[in-house]
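Notes follow once the structure below has been shown.
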Amino acid sequence: MSTVVYISNKEIQIVTGTRGKKASAKQFYLMKAPEGSVINGMVLDVNAFQTFLKEFWEANNLPKKDVYLLTSSNKIAGKMVKLPVLNKKKSTAFIQREFADMERDENTTVISYLPLKAAAKMRSVYASMLSRDSIKELADVFTNAGITLSGIASSDATEIAMIERTCASKNRTFVVQILDGNMVTNILWLDGKFNYINNIRCFHEPGTQEFYDDASRALGKMRQFMMTQKIESPIERVYLAGTDESNVAFYDEMLKAQDIQAPVELITPSTADRGFDTFKFQRVFPAVSGLFDFGPENDFLRSLKDDEKKESADQKAISKGRFVTLAVIAGVMILLFGGSLTARLIREGQLKSLQSYNDGVASQINEYDLYSAERDALEQQSLSLDNVVSSIDTYPLGNEDVLSVIESTAKGYADIKIDSFDAEAGVVNIIATAPAVSDINKYIARLLQEDIFMDVTYTGYTMNADGTWDIHVICTLTEGAGR
């Protein structure tokens with residue numbers, strides 16, 4: 001049996017049950033954490049929270065292994081990322097570059113991501129980034145309470161995955177609002193795809209008229225966001241979680257005041273998911289989402305352990321490589337010394353023999369040795385020049401042939417500007433401008449089909465004042481391209 005713990009602020013949600021691609025729940029728990037011990041998904045009063053965990057686990061006889069933690073925290077950076085279909089290592093490196101604007105050292109952060117629907121060459125993921133220290137702190141809190149965590153994930157990611165499993169099977173354009181104490185999470189699904197998520201804090205007491213006014217205004221702001229983005233698809237339905245059935249009719253009236261003409265209902269389990277009480281399912285929706293295994297990529301703790309294993313292996317390889325290198329150098333030096341000593345002794349013997357035979361012959365030998373040394377030096381210089389020429393031939397050239405390929409692929413899709421060319425790295429930086437994002441995607445797809453490029457990456461889109469879109473494209477040329 002697995003246990004899922006969800007933390008955000010005051011209210012702690014815990015669900016036990018069978019975890020996997022399909023899941024079932026056994027017990028649901030809602031309780032208040034010690035005052036001030038948990039704020040924004042992070043444990044601030046460690047001693048108070050550990051005591052709370054120990055007492056609750058013992059009182060309810062919960063298993064201390066196979067425990068998964070979900071957290072909703074403003075320390076977790078999250079964003080949608082479109083990337084080529086790559087393995088986990090390359091996908092993580094690609095996503096890390098997408099977070100480069102946040103100026104966080106990749107050696108101090110961990111990436112997790114939730115794969116969404118994939119196309120032939122590109123796919124979308126909801127990526128999350130959290131510092132290594134935060135992950136270790138959360139794991140240590142539970143470890144010191146005698147509880148072993150098997151995984152840590154962003155609740156935003158698991159909620160998105162759960163909505164794709166439930167609400168998205170019934171509607172294409174809809175809004176989900178999840179209430180958790182004073183925190184309200186709003187998620188927009190547009191034309192069958194996840195589009196947007198935000199978390200806001202309401203400053204009125206939950207359950208009051210003022211609180212629900214704030215919550216409905218948050219939905220109204222999402223409607224305004226759709227209008228600003230010129231999204232014309234009507235909202236088909238509004239789903240609620242973390243509330244009571246009695247509030248559905250109340251919401252219905254409030255949404256009409258926000259010009260949202262859509263029916264309101266509580267989130268319910270999908271027909272494929274058995275063993276869930278409908279009311280409890282939506283009441284502890286964040287914790288329930290953690291019962292479903294949405295892949296190893298969506299786990300901060302596992303990603304951290306994988307990174308640490310790789311770093312340990314790399315360090316061992318470096319140490320082993322250094323030892324082997326030193327051993328080889330020592331062996332070569334011994335051989336050179338022995339060879340030099342032997343050659344010297346032989347040469348001295350030959351020289352003495354020749355000197356005793358004829359001083360004139362010795363003089364000729366010395367002259368011959370001098371010419372031989374000069375010849376060897378010239379041959380070595382010639383060989384070095386050949387190596388330099390060969391090395392130069394492997395560098396790609398940013399010549400007319402390469403520029404022609406870059407420009408021909410852009411015709412009909414985008415206007416391009418060559419921003420820079422790094423001859424040593426073989427990297428061409430391009431600024432592509434197009435009236436529509438889809439045209440830029442088509443241009444990038446055409447670049448990926450060209451044999452002269454070893455890799456094509458790009459950063460996020462930027463909208464210009466004239467309504468066109470810019471994107472920064474980075475093309476890495478293959479060895480010898482343009483020659």
Side-chain angles (χ1 to χ4, degrees), residues 4-13 15 30 38-42 69-80 112 114 116 126-130 153-168 171 173-190 193-207 211-226 235 237-244 247-248 251 254-255 258 260 262 264-268 280-292 294 298:
V4 178
V5 182
Y6 165 75
I7 63 173
S8 176
N9 287 289
K10 294 181 181 180
E11 191 174 77
I12 307 299
Q13 300 178 9
V15 178
L30 277 172
V38 178
I39 297 177
N40 289 329
M42 291 291 145
L69 175 65
L70 302 183
T71 178
S72 175
S73 173
N74 56 12
K75 287 192 175 183
I76 300 176
K79 67 192 309 184
M80 278 287 290
S112 72
L114 172 72
L116 300 173
Y126 183 77
S128 305
M129 180 173 69
L130 182 61
S154 163
S155 62
D156 284 355
T158 58
E159 287 166 2
I160 290 169
M162 198 64 187
I163 290 168
E164 187 171 48
R165 184 183 183 92
T166 53
C167 309
N171 304 100
T173 300
F174 58 88
V175 175
V176 176
Q177 186 171 90
I178 303 169
L179 307 180
D180 173 28
N182 291 87
M183 296 301 298
V184 178
T185 300
N186 299 294
I187 300 173
L188 173 64
W189 223 263
L190 181 64
K193 298 178 181 179
F194 165 73
N195 182 270
Y196 177 76
I197 183 172
N198 72 353
N199 295 284
I200 64 170
R201 179 182 294 277
C202 297
F203 293 96
H204 293 97
E205 188 66 24
F211 173 81
Y212 290 111
D213 286 343
D214 289 344
S216 66
R217 278 194 290 270
L219 291 173
K221 289 180 180 178
M222 184 162 285
R223 175 64 179 152
Q224 293 173 8
F225 165 79
M226 294 175 65
I235 297 176
R237 195 168 297 272
V238 174
Y239 290 97
L240 300 178
T243 186
D244 297 322
N247 291 324
V248 172
Y251 257 89
M254 290 191 300
L255 292 180
Q258 299 295 333
I260 299 177
V264 184
E265 66 178 66
L266 297 178
I267 291 181
T268 57
K280 292 179 179 178
F281 176 86
Q282 63 84 23
R283 184 64 184 83
V284 291
F285 185 76
V288 167
S289 68
L291 276 179
F292 291 81
F294 295 114
N298 191 42

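All values derive from a computational prediction rather than experimental measurement.
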Does some side-chain heavy atom of [Y] sit less than 4.5 Å from a side-chain heavy atom of [X]?
X: Ile160; Y: Leu116; answer: yes
X: His204; Y: Asp213; answer: no
X: Leu179; Y: Leu240; answer: no
X: Leu291; Y: Val15; answer: yes
X: Phe194; Y: Glu164; answer: no
X: Tyr239; Y: Ile163; answer: no
X: Val176; Y: Ile267; answer: yes
X: Gln13; Y: Val5; answer: no

Minimum heavy-atom distance between [X] and [Y], given as atom pair plus value:
X: Ser8; Y: Val38; result: O-CG1, 3.7 Å
X: Val4; Y: Ala287; result: CG1-O, 3.3 Å
X: Thr158; Y: Pro286; result: OG1-O, 4.5 Å
X: Leu70; Y: Ser155; result: CB-CB, 4.3 Å
X: Val264; Y: Val248; result: O-CG1, 3.3 Å

Between atom [atom1] of [X] and atom [atom2] of [Y], what is the distance when rounded to the nearest 0.5 Å?
X: Asn182; Y: Ile200; atom1: CG; atom2: CD1; result: 11.0 Å
X: Cys202; Y: Arg217; atom1: SG; atom2: CZ; result: 8.5 Å
X: Thr166; Y: Glu159; atom1: OG1; atom2: CD; result: 11.0 Å
X: Leu30; Y: Glu11; atom1: CG; atom2: CD; result: 4.5 Å

Candidate list Asn186, Thr185, Thr243, test side-chain hydrogen bond (donor to acceptor under 3.5 Å, both in side chains), partner Gln177, passing option: Asn186
Let me know which of Thr71, Asn199, Asn198 forms a side-chain hydrogen bond (donor to acceptor under 3.5 Å, both in side chains) with Asp156.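 Only one option passes, and that is Asn199.
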Determine the interplanar angle of the Trp189 and Phe174 rings, folded into 0 to 90°, and report it as parallel if under 30°, tilted if 30 to 60°, perpendicular if over 60°. parallel
Counting neighbours of NZ on Lys79 that are heavy atoms of other residues, nucleotides or ligands and sit closer than 6.0 Å, is the number greater than 12? yes
By ring-ring contact (aromatic ring centres under 6.0 Å, His included), which residues pair with Phe285, not counting sequence neighbours? Phe281
Sequence-distant partners of Phe294, ring-ring contact (aromatic ring centres under 6.0 Å, His included), two or more places apart: none
Ignoring hydrogens and angles, tell me if any N or O in the side chain of Gln282 forms a donor-acceptor pair with the backbone of Gly242 under 3.5 Å. yes
Is a donor on one side and an acceptor on the other found under 3.5 Å between the side chain of Ser73 and the backbone of Asn40?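 Such a contact is found between Ser73 side chain and Asn40 backbone.
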Only one of Thr173, Ile187, Leu190 passes side chain to side chain contact (heavy atoms under 4.5 Å, CB included) with Asn195; say which it is.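 Of all the options given, the one that passes is Leu190.
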